[in-house]
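Some notes on the structure that comes next.
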Amino acid sequence: MEEKSRPILNVLFAPELEESEIVQAVWGREGLVLRSLGAGPAVWVDLDELPTIVLVRPGDDPRVPTGTSALVCLVGGSAEDAKALPRNWRVLPERAAMRDLVDVVREEWPFLPAAFTLFKLQQDFDVQSLILDQLTEVAIALSTERDYPRLMQLILSRAILLSGCDAGSLYLLITDAEGKPSKLLFVAAQNNSVTVPFRLMELPVSPASLAGYVATTGETLLIDDAYAIPPEAPYRHNRAYDDQTGYRTRSQLVLPMTNHKGQITGVLQLINKKRDPSLPLQTTEDVAEQVIPFDPETTRLMKAVGSLAAVAIDNYRLYESIERLFEGFVQASVTAIEQRDPTTSGHSLRVSILTVDLAEKVSRVETGPYAGQRFTEDQFRELRYAAILHDFGKVGVREQVLVKAKKLYPFELERVLTRFELARLYHERDLLMRKAAILTEGGPDAPRKLEELDRQLAAGLADLEQTLEVILRSNEPTVLPEGDFSALQKILGYSFTDRHGDCHSLLEPEEVSVLSIRKGSLSEDERLQIESHVTHTYNFLKQIPWTPELRGVPEIAFGHHEKLNGRGYPRRITGEAIPVQSKIMTVPDIFDALSAADRPYKKAVPVEKALDILQLEAGDGLLDRNLVDLFIDAKVYEKTLHLRAGV
């Protein structure tokens with residue numbers, strides 16, 4: 001068992017001093033024996049010949065037994081009392097603390113300084129250890145907080161706690177483009193005695209205010225009484241809050257929060273340091289009794305807290321600026337995509353909104369396969385970035401393929417039209433030459449023959465027009481697989497003869513193949529080029545040094561065209577191999593692509609039909625039925641209707 005320290009001093013006290021600061025300070029201290037005079041004469045027994053101090057109030061008679069050596073201390077005695085006291089009496093202040101007792105003991109019993117020095121060192125060590133623990137706690141808390149309003153409140157609450165004061169305010173310094181102070185942002189206020197009617201506001205940086213003076217000069221203000229600031233001082237205390245609430249501001253500590261570069265980040269204003277930090281200041285009497293000036297130790301401690309706070313604020317601003325920078329990069333990337341295909345403008349934004357909203361709905365599902373699926377805030381951010389950047393790989397696709405409006409490219413259609421024009425001209429030329437021959441020969445049958453040639457000309461031109469209409473109609477893409485292209489096979493056999501006698505087909509086999517595409521406007525090779533945008537996106541996103549909470553962005557974007565039955569692309573993975581975030585993104589991506597706006601290569605379908613198509617694909621095993629139903633039942637699709645062109 002650990003041996004206790006040997007007693008070195010008796011401390012006797014009058015019962016009315018039991019709750020006093022000095023008695024509470026002595027209570028439980030090793031080496032000090034504390035007894036109440038309320039115990040009667042027995043209290044003077046067994047003092048073990050140790051030095052004895054007796055603490056009493058003015059007017060009390062400690063009744064020190066004859067022959068007992070004791071030093072009587074009058075707690076709260078006046079200067080007049082001190083003059084009339086016997087030699088073995090001393091006067092202590094009303095709010096006497098442990099240090100006052102130590103000073104008296106050192107003066108009266110010179111042989112005890114070593115013991116009391118050790119005692120005081122132990123006391124100081126305990127205090128400093130507590131402060132160090134609290135500073136460590138503050139540093140950890142400030143370094144981990146990422147919510148800006150909570151960070152401001154945390155800085156202020158920890159400063160009030162460590163300084164032992166009643167209230168405080170926090171201001172951030174806003175600088176102009178040249179780095180000069182332009183305004184103060186009032187961001188936090190707390191008061192342990194009255195309700196604070198706080199609202200965020202901007203204030204001018206003026207030396208006439210306490211915070212403005214500190215912000216412009218970098219000086220620390222120690223004010224014992226805010227109502228008694230010397231008239232020559234350039235600053236004044238604003239009494240509006242006191243007048244409004246009945247509060248009484250007295251002592252203040254106003255100091256700059258300075259970062260590691262020596263730059264002022266903000267101003268910390270602490271109000272009314274208290275003897276007992278746990279007691280509220282309800283009346284002016286409470287203020288007079290409890291409020292004390294801020295001491296040098298508290299000032300040094302608050303400067304340390306201010307520096308920690310400044311670093312925390314700088315770190316938050318740096319974190320925020322990096323996020324803004326990345327957001328700008330993301331938006332620039334999306335702009336680059338959409339400028340290559342302006343008709344898709346807004347698609348990435350709308351898909352990101354719908355995807356996050358659907359994920360939020362999934363997080364609230366209580367039944368079914370997604371019951372218990374909960375996404376964190378970081379996962380929502382990860383999903384949002386993946387959705388915004390899901391089509392970035394289209395920058396690696398040839399533009400003519402990316403914006404291909406019809407099955408035939410314009411230059412290919414122009415070749416077809418040119419052939420038809422030549423066929424018409426050569427048909428007309430052939431019949432005109434035959435007419436000329438009939439007219440040259442003459443004869444009674446000439447009129448009939450000419451009429452027959454006119455009919456042949458009209459019929460031939462009509463056939464060409466009908467054939468061209470079939471081609472133009474076949475050139476239009478469709479959203480769903482449809483169409484009978486057998487007529488194109490017949491056209492493949494149509495030809496015309498030029499003036500040299502050479503035969504030319506109206507359609508080439510490759511053109512017939514392209515015009516026979518049953519869905520969309522892309523050939524197999526072009527479709528593969530478009531599908532490659534997913535791989536391009538993945539390879540691009542993998543180059544970004546994502547933070548740990550966002551490292552899943554590339555993989556999520558990589559899976560947004562995969563289908564549950566393995567008929568998606570590019571990896572053709574199935575079911576459980578597809579990240580749930582990718583499954584979620586797939587539904588809004590298809591919906592928006594179908595219904596958002598007309599594109600050169602397809603017409604937008606009505607919202608109702610787009611939802612029907614989603615259900616058809618879910619029924620065919622391509623999409624997750626539960627996600628499609630949730631998308632429709634929760635009306636997630638309505639979230640972006642107002643963002644569409646013309647809405």
Side-chain angles (χ1 to χ4, degrees), residues 2-128 130 164 274-279 289-290 292 295 297:
E2 186 177 340
E3 184 179 352
K4 290 188 176 181
S5 301
R6 187 172 62 84
I8 61 173
L9 180 69
N10 293 313
V11 180
L12 311 183
F13 64 91
E16 59 266 31
L17 288 174
E18 184 171 355
E19 300 298 327
S20 66
E21 184 174 337
I22 189 169
V23 171
Q24 293 299 314
V26 172
W27 193 274
R29 295 287 182 178
E30 290 190 12
L32 303 182
V33 179
L34 189 65
R35 299 180 181 182
S36 172
L37 292 173
V43 76
W44 299 100
V45 179
D46 297 329
L47 295 181
D48 296 330
E49 299 182 356
L50 295 177
T52 301
I53 283 183
V54 183
L55 305 175
V56 296
R57 284 289 194 183
D60 288 346
D61 183 0
R63 301 180 183 274
V64 179
T66 303
T68 300
S69 176
L71 180 66
V72 181
C73 293
L74 196 62
V75 180
S78 64
E80 287 72 18
D81 292 332
K83 295 176 182 178
L85 291 176
R87 189 195 66 79
N88 63 330
W89 282 60
R90 299 288 187 274
V91 172
L92 294 180
E94 176 69 26
R95 307 296 299 188
M98 192 65 195
R99 69 175 70 89
D100 300 306
L101 185 65
V102 171
D103 291 340
V104 169
V105 170
R106 185 178 288 117
E107 177 185 346
E108 185 67 21
W109 294 288
F111 58 87
L112 286 180
F116 262 89
T117 298
L118 180 61
F119 173 82
K120 193 171 187 306
L121 285 174
Q122 180 63 45
Q123 183 184 35
D124 291 343
F125 176 81
D126 291 343
V127 171
Q128 294 303 318
L130 176 62
K274 297 184 290 188
R275 296 180 187 277
D276 185 348
S278 65
L279 296 179
E289 182 179 346
Q290 284 289 327
I292 58 176
D295 53 79
E297 290 82 1

Side chain Ser36, main chain Ala39, donor-acceptor under 3.5 Å: no
Straight-line distance of Ile22 CD1 to Ile53 CD1, nearest 0.5 Å: 7.5 Å
Interatomic distance, Leu92 atom CG to Leu17 atom CG [nearest 0.5 angstrom]: 10.0 Å
CG-CD distance between Asp276 and Gln24, expressed to the nearest 0.5 angstrom: 10.0 Å
From Asp103 atom CG to Arg90 atom CZ, the distance as rounded to the nearest 0.5 Å: 12.5 Å
Spacing of Leu50 atom CG and Trp109 atom CH2 [to the nearest 0.5 Å]: 10.0 Å
pair Val43-Leu12: side-chain heavy atoms closer than 4.5 Å: yes
Over all atoms of both residues, closest heavy-atom pair of Cys73 and Val104: SG-CG1, 4.1 Å
Close side-chain approach of Leu37 to Val56, heavy-atom, < 4.5 Å: yes
Test item: Pro51 and Val105 side chains (from C-beta on) under 4.5 Å apart, heavy atoms: no
side-chain hydrogen bond (donor to acceptor under 3.5 Å, both in side chains) pairs, two or more places apart, involving residues 12-22: none
Inter-residue atom distance Glu107.CD - Leu71.CG, 0.5 Å rounding: 8.5 Å
Side chain to side chain donor-acceptor pair (under 3.5 Å) partners for Arg275, two or more places apart: none
Main-chain N/O of Pro62 paired to Asp60 side chain as donor or acceptor, under 3.5 Å: no
Close side-chain approach of Asp81 to Trp89, heavy-atom, < 4.5 Å: no
Side-chain ion pair, Glu289 and Lys274, N-O less than 4.0 Å: no
Shortest non-hydrogen contact from Val75 toward Pro93: CG1-O, 3.7 Å
Shortest non-hydrogen contact between Val72 and Val64, atoms and distance: CG2-CG2, 4.2 Å
